[in-house]
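See structure below.
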Amino acid sequence: MSWKNYEPKKRFRRVITNTFSSKEDCEMFIMVLKQQWPIYIDRLPGSELEITRSMDSPNVMAAIWTLNNFKHFDILEKIGNDMIYPYRNKLSPKSISIKTESICIIYGNEKF
């Protein structure tokens with residue numbers, strides 16, 4: 001097992017977890033994300049969005065952003081407020097959002 005530190009203020013994550021009332025609502029929301037974010041992602045250079053869905057509860061999903069600039073949190077929030085949140089709020093999921101700074105990564109020896 002090995003690990004490496006990230007340099008301070010170089011890698012950030014925003015994790016948004018939504019719990020919808022049904023699997024269908026979750027699938028519709030994921031479809032909207034897949035259709036809309038490619039239009040806007042270039043406003044966040046070097047950023048990445050990973051969309052995941054729970055294997056145990058298919059009505060639960062997460063959007064995991066990796067950002068390389070702290071200022072991108074503000075841009076992400078503005079785009080989300082304009083484009084995503086109005087649609088998400090119509091579906092009324094329980095939602096949790098956290099902003100983080102990446103500290104380190106730990107990986108098994110087979111990685112290298």
Side-chain angles (χ1 to χ4, degrees):
M1 178 178 61
S2 299
W3 61 276
K4 76 171 188 172
N5 286 325
Y6 288 110
E7 290 189 35
K9 309 295 182 203
K10 295 291 182 184
R11 181 178 162 99
F12 305 93
R13 296 232 117 159
R14 173 121 189 235
V15 180
I16 305 165
T17 303
N18 295 302
T19 302
F20 294 91
S21 60
S22 70
K23 175 185 174 184
E24 293 75 23
D25 283 354
C26 185
E27 288 175 351
M28 284 192 311
F29 187 66
I30 290 171
M31 183 179 67
V32 168
L33 293 177
K34 288 167 63 176
Q35 290 174 347
Q36 293 299 312
W37 274 115
I39 298 167
Y40 298 96
I41 200 164
D42 287 341
R43 294 187 191 174
L44 303 162
S47 298
E48 177 181 282
L49 171 60
E50 181 177 352
I51 300 170
T52 65
R53 182 174 43 220
S54 170
M55 293 170 32
D56 297 324
S57 301
N59 63 316
V60 179
M61 59 78 61
I64 305 163
W65 281 94
T66 302
L67 310 168
N68 62 15
N69 187 319
F70 183 79
K71 294 177 183 178
H72 288 173
F73 281 125
D74 293 335
I75 298 167
L76 181 62
E77 190 70 26
K78 170 115 177 65
I79 296 169
N81 284 339
D82 294 345
M83 183 198 53
I84 295 296
Y85 296 158
Y87 182 75
R88 185 190 71 186
N89 292 342
K90 287 179 184 178
L91 297 172
S92 300
K94 292 181 189 174
S95 187
I96 297 171
S97 176
I98 61 170
K99 294 179 187 178
T100 65
E101 178 181 359
S102 296
I103 304 300
C104 70
I105 187 166
I106 300 169
Y107 46 86
N109 288 330
E110 294 181 19
K111 173 119 174 130
F112 295 98

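Count residues from 1 along the sequence. Quick caveat: nothing in here was measured; it's all calculated off a predicted structure.
Few gaps surround OH on Tyr87; more than 12 heavy atoms of other groups in view lie less than 6.0 Å from it. Annotation for Ile64: atom CD1 counts as buried by contact number, over 12 foreign heavy atoms lying within 6.0 Å.
Hydrophobic clustering places Ile41 together with Tyr85 (ILVMFWY residues linked when any side-chain heavy atoms are closer than 4.5 Å, directly or through intermediates). Hydrophobic clustering (ILVMFWY, side-chain heavy atoms < 4.5 Å, transitive): Ile96 and Leu49 are in distinct clusters. Val60 and Ile30 are not part of a single hydrophobic cluster, where members link through side-chain heavy atoms under 4.5 Å apart. Hydrophobic clustering, with ILVMFWY side chains joined whenever heavy atoms are under 4.5 angstrom apart, groups Phe12 together with Ile79.
In this structure, the separation between CG on Asn18 and CZ on Arg53 is 13.0 Å, given to the nearest 0.5 Å. Interatomic distance, OG of Ser95 versus CE of Met61, reported as 9.0 Å (0.5 Å rounding). If you take NZ on Lys4 and CD1 on Ile103, they are separated by 13.5 Å, rounding to the nearest 0.5 Å.
A side-chain contact (heavy atoms from CB on, under 4.5 Å) with Arg88 is found for one member of Asp25, Ile16, Leu33 and no other, namely Ile16.
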- Task: Could you please spell out the steps behind the side chain to side chain contact (heavy atoms under 4.5 Å, CB included) verdict for Trp3 and Ile105?
- Result: CA-CA 5 Å; Trp3 61 276; Ile105 187 166; over 6 Å; no

- Item | Test log, rule side-chain hydrogen bond (donor to acceptor under 3.5 Å, both in side chains), inputs Arg13 and Thr66 | CA-CA 5 Å; Arg13 296 232 117 159; Thr66 302; 2.8 Å; yes

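A heavy-atom distance below 4.5 Å is found between the side chains of Ile84 and Val32. For the pair Met28/Leu91, a side-chain contact is recorded, criterion being any heavy-atom separation below 4.5 Å from C-beta on. Residues Trp65 and Leu44 are in side-chain contact: their nearest non-hydrogen atoms beyond the backbone lie under 4.5 Å apart. In this structure the side chain of Cys104 reaches within 4.5 angstrom of the side chain of Asn5, judged on heavy atoms.
Annotation for His72 and Pro45: closest pair CE1-O, 3.4 Å, computed over non-hydrogen atoms. Residues Pro86 and Gly80 come closest through the heavy atom pair CD-O, 4.0 Å. Closest of all the heavy-atom pairs between Lys71 and Asn69 is N-OD1, 2.8 Å.
Of the possible polar contacts, one joining the Ser92 side chain to the Asn89 backbone as a donor-acceptor pair under 3.5 Å is found.
Pairs passing the ring-ring contact (aromatic ring centres under 6.0 Å, His included) check and including a residue from residues 16-36, sequence neighbours excluded, read Phe20-Phe29. Pairs engaging residues 34-47 under the side chain to side chain donor-acceptor pair (under 3.5 Å) rule: none recorded [sequence neighbours left out].
Side-chain contact of Asn59 with Ser22: a donor-acceptor pair under 3.5 Å is absent, judged by distance alone.
Annotation: salt bridge (charged side-chain N to carboxylate O under 4.0 Å, His left out) contacts of Lys9 (sequence neighbours excluded): Glu101. Residues satisfying the salt bridge (charged side-chain N to carboxylate O under 4.0 Å, His left out) criterion with Glu77, sequence neighbours excluded, are Arg14. Considering only residues two or more places apart in sequence or on other chains, Tyr6 meets the ring-ring contact (aromatic ring centres under 6.0 Å, His included) condition with none of them. The side chain to side chain donor-acceptor pair (under 3.5 Å) check on Ser102 picks up Arg11, with sequence neighbours excluded.
Salt bridge annotation for Lys78-Asp74: absent, with no cationic side-chain nitrogen under 4.0 angstrom from a carboxylate oxygen.
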